[in-house]
Number of protein chains: 2
Amino acid sequence: MISKKTKYALKALVFLARHYDRGPILIADLAREEAIPKKFLEAILVALKNNGVLQSKKGKGGGYYLSRHPNSITFGQAIRIMEGPIALVPCVSETSYAKCTECGSELTCGIRAVMKEVRDATAKILDGTTLADVLERIANAEQAQRGALDFSI
Amino acid sequence: MISKKTKYALKALVFLARHYDRGPILIADLAREEAIPKKFLEAILVALKNNGVLQSKKGKGGGYYLSRHPNSITFGQAIRIMEGPIALVPCVSETSYAKCTECGSELTCGIRAVMKEVRDATAKILDGTTLADVLERIANAEQAQRGALDFSI
DNA sequence: TCAAAGTCTACTAAATCGATGGACTAACTA
DNA sequence: TAGTTAGTCCATCGATTTAGTAGACTTTGA
(Lines give C-alpha, C1' and ligand atoms only; values in the text may rest on other atoms or scores of the structure.)
Protein backbone atom coordinates (compact mmCIF):
# COMPACT_ATOMS: atom_id res chain seq x y z
CA MET A 1 0.00 0.00 0.00
CA ILE A 2 1.16 3.51 -0.74
CA SER A 3 0.96 6.05 2.07
CA LYS A 4 -1.65 8.80 2.18
CA LYS A 5 1.18 11.21 1.57
CA THR A 6 1.96 9.57 -1.75
CA LYS A 7 -1.67 9.43 -2.73
CA TYR A 8 -2.10 13.11 -1.88
CA ALA A 9 0.98 13.83 -4.00
CA LEU A 10 -0.52 12.02 -6.99
CA LYS A 11 -3.83 13.83 -6.56
CA ALA A 12 -2.06 17.15 -6.32
CA LEU A 13 -0.02 16.45 -9.45
CA VAL A 14 -3.07 15.42 -11.46
CA PHE A 15 -4.83 18.55 -10.28
CA LEU A 16 -1.89 20.75 -11.25
CA ALA A 17 -1.72 18.99 -14.61
CA ARG A 18 -5.38 19.70 -15.21
CA HIS A 19 -4.76 23.38 -14.51
CA TYR A 20 -1.41 23.47 -16.26
CA ASP A 21 -2.16 26.60 -18.28
CA ARG A 22 -3.63 28.59 -15.40
CA GLY A 23 -0.39 29.75 -13.77
CA PRO A 24 0.46 29.17 -10.09
CA ILE A 25 -2.16 27.38 -7.97
CA LEU A 26 -2.58 28.25 -4.29
CA ILE A 27 -1.84 25.54 -1.72
CA ALA A 28 -5.11 26.52 -0.08
CA ASP A 29 -7.12 25.99 -3.26
CA LEU A 30 -5.46 22.67 -3.98
CA ALA A 31 -6.02 21.53 -0.40
CA ARG A 32 -9.69 22.48 -0.51
CA GLU A 33 -10.42 20.98 -3.94
CA GLU A 34 -8.69 17.68 -3.26
CA ALA A 35 -9.61 17.49 0.45
CA ILE A 36 -6.02 17.32 1.64
CA PRO A 37 -4.97 18.80 5.04
CA LYS A 38 -3.32 22.06 4.08
CA LYS A 39 -0.25 21.83 6.26
CA PHE A 40 0.34 18.25 5.22
CA LEU A 41 0.00 19.17 1.57
CA GLU A 42 2.56 21.90 2.09
CA ALA A 43 5.23 19.34 3.05
CA ILE A 44 4.30 17.19 0.05
CA LEU A 45 4.61 20.06 -2.38
CA VAL A 46 7.98 21.04 -0.93
CA ALA A 47 9.26 17.50 -1.47
CA LEU A 48 8.03 17.50 -5.07
CA LYS A 49 9.63 20.90 -5.58
CA ASN A 50 12.96 19.82 -4.09
CA ASN A 51 12.97 16.96 -6.55
CA GLY A 52 12.39 19.14 -9.59
CA VAL A 53 8.81 18.18 -10.35
CA LEU A 54 7.22 21.42 -9.17
CA GLN A 55 8.14 25.07 -9.03
CA SER A 56 6.70 27.75 -6.80
CA LYS A 57 6.25 31.46 -6.67
CA LYS A 58 5.95 33.45 -3.47
CA GLY A 59 3.81 36.45 -2.68
CA LYS A 60 0.60 37.64 -4.28
CA GLY A 61 -0.24 35.75 -7.46
CA GLY A 62 2.05 32.99 -6.25
CA GLY A 63 1.48 29.28 -5.80
CA TYR A 64 2.70 25.98 -7.20
CA TYR A 65 2.91 24.76 -10.78
CA LEU A 66 4.44 21.87 -12.72
CA SER A 67 8.02 22.49 -13.75
CA ARG A 68 7.54 20.46 -16.95
CA HIS A 69 4.73 19.60 -19.32
CA PRO A 70 2.30 16.97 -17.96
CA ASN A 71 3.47 14.58 -20.68
CA SER A 72 6.95 14.40 -19.19
CA ILE A 73 6.09 13.84 -15.55
CA THR A 74 5.33 10.22 -14.67
CA PHE A 75 3.68 8.44 -11.76
CA GLY A 76 6.95 6.57 -11.37
CA GLN A 77 8.84 9.78 -10.65
CA ALA A 78 6.29 10.97 -8.12
CA ILE A 79 6.07 7.66 -6.32
CA ARG A 80 9.85 7.33 -6.04
CA ILE A 81 10.06 10.81 -4.52
CA MET A 82 7.37 10.19 -1.94
CA GLU A 83 7.70 6.49 -1.28
CA GLY A 84 11.27 5.59 -2.21
CA PRO A 85 12.25 2.83 -4.64
CA ILE A 86 9.57 0.91 -6.49
CA ALA A 87 11.40 -2.38 -5.99
CA LEU A 88 10.18 -4.65 -3.19
CA VAL A 89 13.76 -5.52 -2.21
CA PRO A 90 16.78 -3.19 -2.46
CA CYS A 91 18.82 -5.62 -4.55
CA VAL A 92 16.52 -5.29 -7.57
CA SER A 93 16.13 -1.51 -7.50
CA GLU A 94 17.42 0.22 -10.63
CA THR A 95 17.32 3.73 -9.21
CA SER A 96 18.74 3.01 -5.75
CA TYR A 97 20.32 -0.39 -5.71
CA ALA A 98 21.65 -1.80 -2.47
CA LYS A 99 22.83 -5.27 -1.66
CA CYS A 100 20.47 -7.15 0.61
CA THR A 101 22.51 -7.32 3.80
CA GLU A 102 21.38 -10.79 4.74
CA CYS A 103 21.66 -12.44 1.33
CA GLY A 104 24.33 -14.55 -0.28
CA SER A 105 24.64 -14.87 -4.05
CA GLU A 106 22.30 -12.66 -6.03
CA LEU A 107 22.73 -14.90 -9.05
CA THR A 108 21.10 -17.84 -7.37
CA CYS A 109 18.60 -16.06 -5.11
CA GLY A 110 15.14 -17.31 -5.95
CA ILE A 111 13.41 -14.52 -4.07
CA ARG A 112 15.41 -11.91 -5.93
CA ALA A 113 14.48 -13.39 -9.31
CA VAL A 114 10.77 -13.12 -8.55
CA MET A 115 11.09 -9.66 -7.05
CA LYS A 116 12.97 -8.52 -10.13
CA GLU A 117 10.06 -9.62 -12.31
CA VAL A 118 7.64 -7.68 -10.12
CA ARG A 119 9.81 -4.58 -10.15
CA ASP A 120 10.15 -4.60 -13.91
CA ALA A 121 6.44 -5.04 -14.48
CA THR A 122 5.58 -2.30 -11.99
CA ALA A 123 8.20 0.13 -13.25
CA LYS A 124 7.08 -0.41 -16.83
CA ILE A 125 3.58 0.73 -15.93
CA LEU A 126 4.46 3.55 -13.54
CA ASP A 127 7.29 5.00 -15.63
CA GLY A 128 5.15 4.69 -18.72
CA THR A 129 2.24 6.65 -17.31
CA THR A 130 2.46 10.42 -17.50
CA LEU A 131 0.17 12.99 -15.93
CA ALA A 132 -1.07 13.74 -19.45
CA ASP A 133 -1.97 10.05 -19.91
CA VAL A 134 -3.92 10.11 -16.68
CA LEU A 135 -5.84 13.24 -17.70
CA GLU A 136 -6.73 11.55 -20.96
CA ARG A 137 -7.92 8.44 -19.19
CA ILE A 138 -10.07 10.48 -16.87
CA ALA A 139 -11.58 12.33 -19.82
CA ASN A 140 -12.33 9.03 -21.58
CA ALA A 141 -13.88 7.54 -18.45
CA GLU A 142 -16.08 10.58 -17.96
CA GLN A 143 -17.10 10.39 -21.61
CA ALA A 144 -17.98 6.70 -21.22
CA GLN A 145 -19.98 7.48 -18.11
CA ARG A 146 -21.99 10.13 -19.93
CA GLY A 147 -22.59 7.60 -22.71
CA ALA A 148 -23.90 5.06 -20.23
CA LEU A 149 -26.10 7.73 -18.73
CA ASP A 150 -27.71 8.41 -22.12
CA PHE A 151 -28.82 4.80 -22.33
CA SER A 152 -30.36 4.93 -18.88
CA ILE A 153 -32.61 7.87 -19.72
CA MET B 1 9.69 -2.40 -0.10
CA ILE B 2 8.65 -5.49 1.77
CA SER B 3 9.49 -5.70 5.47
CA LYS B 4 12.25 -7.91 6.83
CA LYS B 5 9.51 -9.99 8.37
CA THR B 6 8.07 -10.78 4.97
CA LYS B 7 11.47 -11.50 3.51
CA TYR B 8 12.25 -13.83 6.40
CA ALA B 9 8.93 -15.55 5.78
CA LEU B 10 9.76 -16.13 2.12
CA LYS B 11 13.19 -17.44 3.00
CA ALA B 12 11.72 -19.76 5.59
CA LEU B 13 9.13 -21.07 3.13
CA VAL B 14 11.72 -21.72 0.44
CA PHE B 15 13.86 -23.51 2.99
CA LEU B 16 10.94 -25.64 4.17
CA ALA B 17 10.08 -26.39 0.54
CA ARG B 18 13.63 -27.55 -0.11
CA HIS B 19 13.36 -29.90 2.86
CA TYR B 20 9.78 -30.86 2.16
CA ASP B 21 10.34 -34.62 2.50
CA ARG B 22 12.42 -34.43 5.67
CA GLY B 23 9.62 -34.11 8.21
CA PRO B 24 9.38 -31.29 10.76
CA ILE B 25 12.20 -28.72 10.78
CA LEU B 26 13.32 -27.08 14.03
CA ILE B 27 12.84 -23.32 14.41
CA ALA B 28 16.40 -23.25 15.71
CA ASP B 29 17.80 -24.96 12.60
CA LEU B 30 15.82 -22.76 10.26
CA ALA B 31 16.90 -19.65 12.15
CA ARG B 32 20.55 -20.65 12.03
CA GLU B 33 20.58 -21.71 8.36
CA GLU B 34 18.79 -18.62 7.10
CA ALA B 35 20.32 -16.21 9.62
CA ILE B 36 16.99 -15.11 11.05
CA PRO B 37 16.63 -14.05 14.74
CA LYS B 38 15.06 -17.09 16.34
CA LYS B 39 12.38 -15.39 18.40
CA PHE B 40 11.42 -13.20 15.48
CA LEU B 41 11.18 -16.22 13.22
CA GLU B 42 8.92 -17.89 15.75
CA ALA B 43 6.31 -15.14 15.35
CA ILE B 44 6.56 -15.40 11.57
CA LEU B 45 6.02 -19.14 11.57
CA VAL B 46 3.01 -18.79 13.86
CA ALA B 47 1.45 -16.31 11.44
CA LEU B 48 2.04 -18.65 8.50
CA LYS B 49 0.60 -21.50 10.53
CA ASN B 50 -2.49 -19.53 11.55
CA ASN B 51 -3.10 -18.88 7.89
CA GLY B 52 -2.92 -22.48 6.85
CA VAL B 53 0.42 -22.45 5.06
CA LEU B 54 2.37 -24.32 7.73
CA GLN B 55 1.73 -27.00 10.28
CA SER B 56 3.70 -27.76 13.40
CA LYS B 57 4.41 -30.57 15.78
CA LYS B 58 5.31 -30.06 19.41
CA GLY B 59 7.76 -31.95 21.58
CA LYS B 60 10.74 -34.05 20.62
CA GLY B 61 10.96 -34.69 16.89
CA GLY B 62 8.71 -31.68 16.39
CA GLY B 63 9.11 -28.59 14.26
CA TYR B 64 7.46 -26.86 11.32
CA TYR B 65 6.56 -28.17 7.87
CA LEU B 66 4.55 -27.06 4.84
CA SER B 67 0.89 -27.98 5.07
CA ARG B 68 0.67 -28.45 1.29
CA HIS B 69 2.96 -29.46 -1.53
CA PRO B 70 5.42 -26.71 -2.58
CA ASN B 71 3.65 -26.50 -5.94
CA SER B 72 0.47 -25.23 -4.32
CA ILE B 73 1.91 -22.53 -2.08
CA THR B 74 2.57 -19.22 -3.83
CA PHE B 75 4.59 -16.11 -3.03
CA GLY B 76 1.33 -14.22 -3.34
CA GLN B 77 -0.21 -16.14 -0.46
CA ALA B 78 2.81 -15.63 1.77
CA ILE B 79 3.12 -11.93 1.01
CA ARG B 80 -0.57 -11.28 1.66
CA ILE B 81 -0.30 -13.00 5.04
CA MET B 82 2.75 -11.05 6.15
CA GLU B 83 2.29 -7.77 4.37
CA GLY B 84 -1.42 -7.42 3.71
CA PRO B 85 -2.98 -6.75 0.30
CA ILE B 86 -0.77 -6.60 -2.77
CA ALA B 87 -2.69 -3.62 -4.17
CA LEU B 88 -1.16 -0.18 -3.69
CA VAL B 89 -4.56 1.33 -2.89
CA PRO B 90 -7.43 -0.44 -1.09
CA CYS B 91 -9.95 0.26 -3.86
CA VAL B 92 -8.18 -2.05 -6.32
CA SER B 93 -7.55 -4.95 -3.95
CA GLU B 94 -9.27 -8.19 -5.01
CA THR B 95 -8.71 -10.01 -1.72
CA SER B 96 -9.55 -7.17 0.67
CA TYR B 97 -11.31 -4.41 -1.18
CA ALA B 98 -12.13 -1.21 0.62
CA LYS B 99 -13.38 2.07 -0.75
CA CYS B 100 -10.77 4.81 -0.60
CA THR B 101 -12.25 7.10 2.04
CA GLU B 102 -11.15 10.29 0.38
CA CYS B 103 -12.13 9.44 -3.19
CA GLY B 104 -15.17 10.22 -5.29
CA SER B 105 -16.14 8.11 -8.29
CA GLU B 106 -14.05 4.99 -8.80
CA LEU B 107 -15.15 4.86 -12.42
CA THR B 108 -13.43 8.10 -13.29
CA CYS B 109 -10.47 8.00 -10.88
CA GLY B 110 -7.28 8.18 -12.92
CA ILE B 111 -5.08 7.11 -10.04
CA ARG B 112 -7.21 4.04 -9.45
CA ALA B 113 -6.97 3.00 -13.10
CA VAL B 114 -3.17 3.04 -12.99
CA MET B 115 -3.02 1.31 -9.62
CA LYS B 116 -5.33 -1.39 -10.91
CA GLU B 117 -2.91 -2.10 -13.75
CA VAL B 118 -0.04 -2.36 -11.29
CA ARG B 119 -1.98 -4.64 -8.99
CA ASP B 120 -2.98 -6.99 -11.79
CA ALA B 121 0.56 -7.24 -13.13
CA THR B 122 2.00 -7.83 -9.66
CA ALA B 123 -0.64 -10.35 -8.63
CA LYS B 124 -0.18 -12.26 -11.86
CA ILE B 125 3.48 -12.78 -11.06
CA LEU B 126 3.20 -13.41 -7.33
CA ASP B 127 0.16 -15.67 -7.51
CA GLY B 128 1.71 -17.51 -10.42
CA THR B 129 4.93 -18.30 -8.62
CA THR B 130 4.92 -21.34 -6.33
CA LEU B 131 7.61 -22.47 -3.93
CA ALA B 132 8.28 -25.35 -6.34
CA ASP B 133 8.83 -22.84 -9.16
CA VAL B 134 11.32 -20.96 -7.02
CA LEU B 135 13.23 -24.14 -6.15
CA GLU B 136 13.43 -24.96 -9.84
CA ARG B 137 14.70 -21.49 -10.67
CA ILE B 138 17.35 -21.74 -8.01
CA ALA B 139 18.44 -25.13 -9.34
CA ASN B 140 18.66 -23.72 -12.87
CA ALA B 141 20.61 -20.69 -11.71
CA GLU B 142 23.07 -22.88 -9.82
CA GLN B 143 23.40 -25.09 -12.88
CA ALA B 144 24.10 -22.06 -15.06
CA GLN B 145 26.66 -20.80 -12.57
CA ARG B 146 28.47 -24.14 -12.65
CA GLY B 147 28.39 -23.98 -16.44
CA ALA B 148 29.96 -20.53 -16.39
CA LEU B 149 32.57 -21.81 -13.98
CA ASP B 150 33.53 -24.61 -16.41
CA PHE B 151 34.33 -22.00 -19.05
CA SER B 152 36.48 -20.05 -16.64
CA ILE B 153 38.73 -23.01 -15.87
C1' DT C 1 9.44 -38.14 34.65
C1' DC C 2 12.64 -35.49 32.03
C1' DA C 3 14.08 -33.07 28.25
C1' DA C 4 12.92 -31.28 23.80
C1' DA C 5 10.34 -28.16 21.21
C1' DG C 6 6.59 -25.24 20.06
C1' DT C 7 3.21 -21.42 22.33
C1' DC C 8 1.80 -17.32 24.63
C1' DT C 9 2.16 -12.84 26.73
C1' DA C 10 4.51 -8.93 27.44
C1' DC C 11 7.89 -5.56 26.66
C1' DT C 12 11.25 -2.39 24.27
C1' DA C 13 13.63 1.09 21.23
C1' DA C 14 13.46 3.26 17.09
C1' DA C 15 11.29 4.72 12.99
C1' DT C 16 7.38 6.17 10.26
C1' DC C 17 2.74 8.10 9.48
C1' DG C 18 -0.48 11.64 9.51
C1' DA C 19 -0.93 15.45 10.91
C1' DT C 20 -0.76 20.62 13.37
C1' DG C 21 1.05 25.27 15.06
C1' DG C 22 3.70 29.22 14.69
C1' DA C 23 7.30 32.17 13.38
C1' DC C 24 9.74 33.84 9.19
C1' DT C 25 10.67 35.48 4.49
C1' DA C 26 9.83 36.90 -0.25
C1' DA C 27 7.06 39.46 -3.39
C1' DC C 28 3.50 42.22 -5.06
C1' DT C 29 0.73 46.68 -4.65
C1' DA C 30 -1.31 50.71 -2.85
C1' DT D 1 7.38 52.10 2.41
C1' DA D 2 3.69 49.75 4.81
C1' DG D 3 0.62 46.07 4.40
C1' DT D 4 -1.00 41.95 2.65
C1' DT D 5 -0.39 37.66 0.38
C1' DA D 6 1.62 33.30 0.06
C1' DG D 7 5.28 30.08 0.32
C1' DT D 8 9.17 28.26 3.88
C1' DC D 9 11.14 26.38 7.91
C1' DC D 10 11.10 24.28 12.34
C1' DA D 11 9.22 21.90 16.08
C1' DT D 12 6.04 18.91 18.14
C1' DC D 13 2.45 15.30 18.64
C1' DG D 14 -0.02 10.78 19.22
C1' DA D 15 -0.64 6.45 17.05
C1' DT D 16 1.15 2.71 14.63
C1' DT D 17 4.59 -0.29 12.71
C1' DT D 18 9.10 -2.47 12.67
C1' DA D 19 12.44 -5.41 14.43
C1' DG D 20 13.52 -7.62 18.10
C1' DT D 21 14.01 -9.78 23.15
C1' DA D 22 12.63 -12.24 27.61
C1' DG D 23 10.54 -15.57 30.05
C1' DA D 24 7.03 -18.53 31.68
C1' DC D 25 4.08 -22.34 29.94
C1' DT D 26 2.43 -26.52 27.49
C1' DT D 27 2.74 -30.56 24.76
C1' DT D 28 5.00 -34.72 23.47
C1' DG D 29 8.21 -38.57 22.92
C1' DA D 30 11.50 -41.66 25.09
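Proteins get letters first, then strands, A, B, ... in listed order; numbering begins at 1 in each.
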Any A:Ser56 side-chain N or O less than 4.0 Å from OP1/OP2 of D:dA6: no
Sugar-phosphate, base or nothing in reach of B:Ile25, heavy atoms under 4.0 Å: sugar-phosphate
Within-4.5 Å side-chain heavy-atom neighbours: A:Leu48 and A:Met82: yes
Candidate nucleotides D:dG29, C:dA19, D:dA22, ranked by approach to the side chain of B:Lys60 - the nearest: D:dG29
Position toward the 5' end of DNA chain C (nearest nucleotide), A:Lys5 or A:Gly59: A:Lys5
Minimum side-chain heavy-atom gap A:Lys99-A:Pro90 below 4.5 Å: no
Separation of atom CG in A:Asn50 from atom C1' in D:dC9, rounded to whole Å: 11 Å
For atom NZ of A:Lys49 and atom C1' of D:dT8, their distance in whole Å: 8 Å
Rounded interatomic separation in angstrom, taking OH from B:Tyr65 and P from C:dA5: 15 Å
Residue closer to the 5' end of DNA chain C, A:Pro37 versus B:Val46 (nearest nucleotide): B:Val46
Beyond-backbone contact of B:Leu66 with B:Leu13, side-chain heavy atoms, under 4.5 angstrom: yes
Options C:dA19, D:dA19, D:dA22, nucleotide nearest the side-chain atoms of A:Tyr8: C:dA19
Ion pair B:Asp29/B:Arg22, N-O distance below 4.0 Å: no
A:Lys116/A:Glu106 salt bridge by N-O under 4.0 Å criterion: no
Spacing of B:Lys4 atom NZ relative to C:dT16 atom C1', expressed in whole Å: 17 Å
Sugar-phosphate only, base, or nothing, as touched by A:Ile27 at under 4.0 Å among non-hydrogen atoms: sugar-phosphate
Rounded distance (Å) that lies between atom C1' of C:dG18 and atom CE of A:Met1: 17 Å
Gap between atoms CG and P, on B:Leu54 and C:dG6 respectively (whole Å): 12 Å
Candidate nucleotides D:dA19, C:dT7, C:dA5, ranked by approach to the side chain of B:Leu26 - the nearest: C:dA5
Whole angstrom value for the distance that separates P of C:dT12 from CZ of B:Phe40: 18 Å
Separation of atom CG in B:Leu41 from atom C1' in D:dT21, rounded to whole Å: 14 Å
Candidate nucleotides D:dG7, C:dG18, C:dT7, ranked by approach to the side chain of A:Lys58 - the nearest: D:dG7
Presence of A:Lys57 side-chain N/O under 4.0 Å of D:dT5 phosphate oxygens OP1/OP2: no
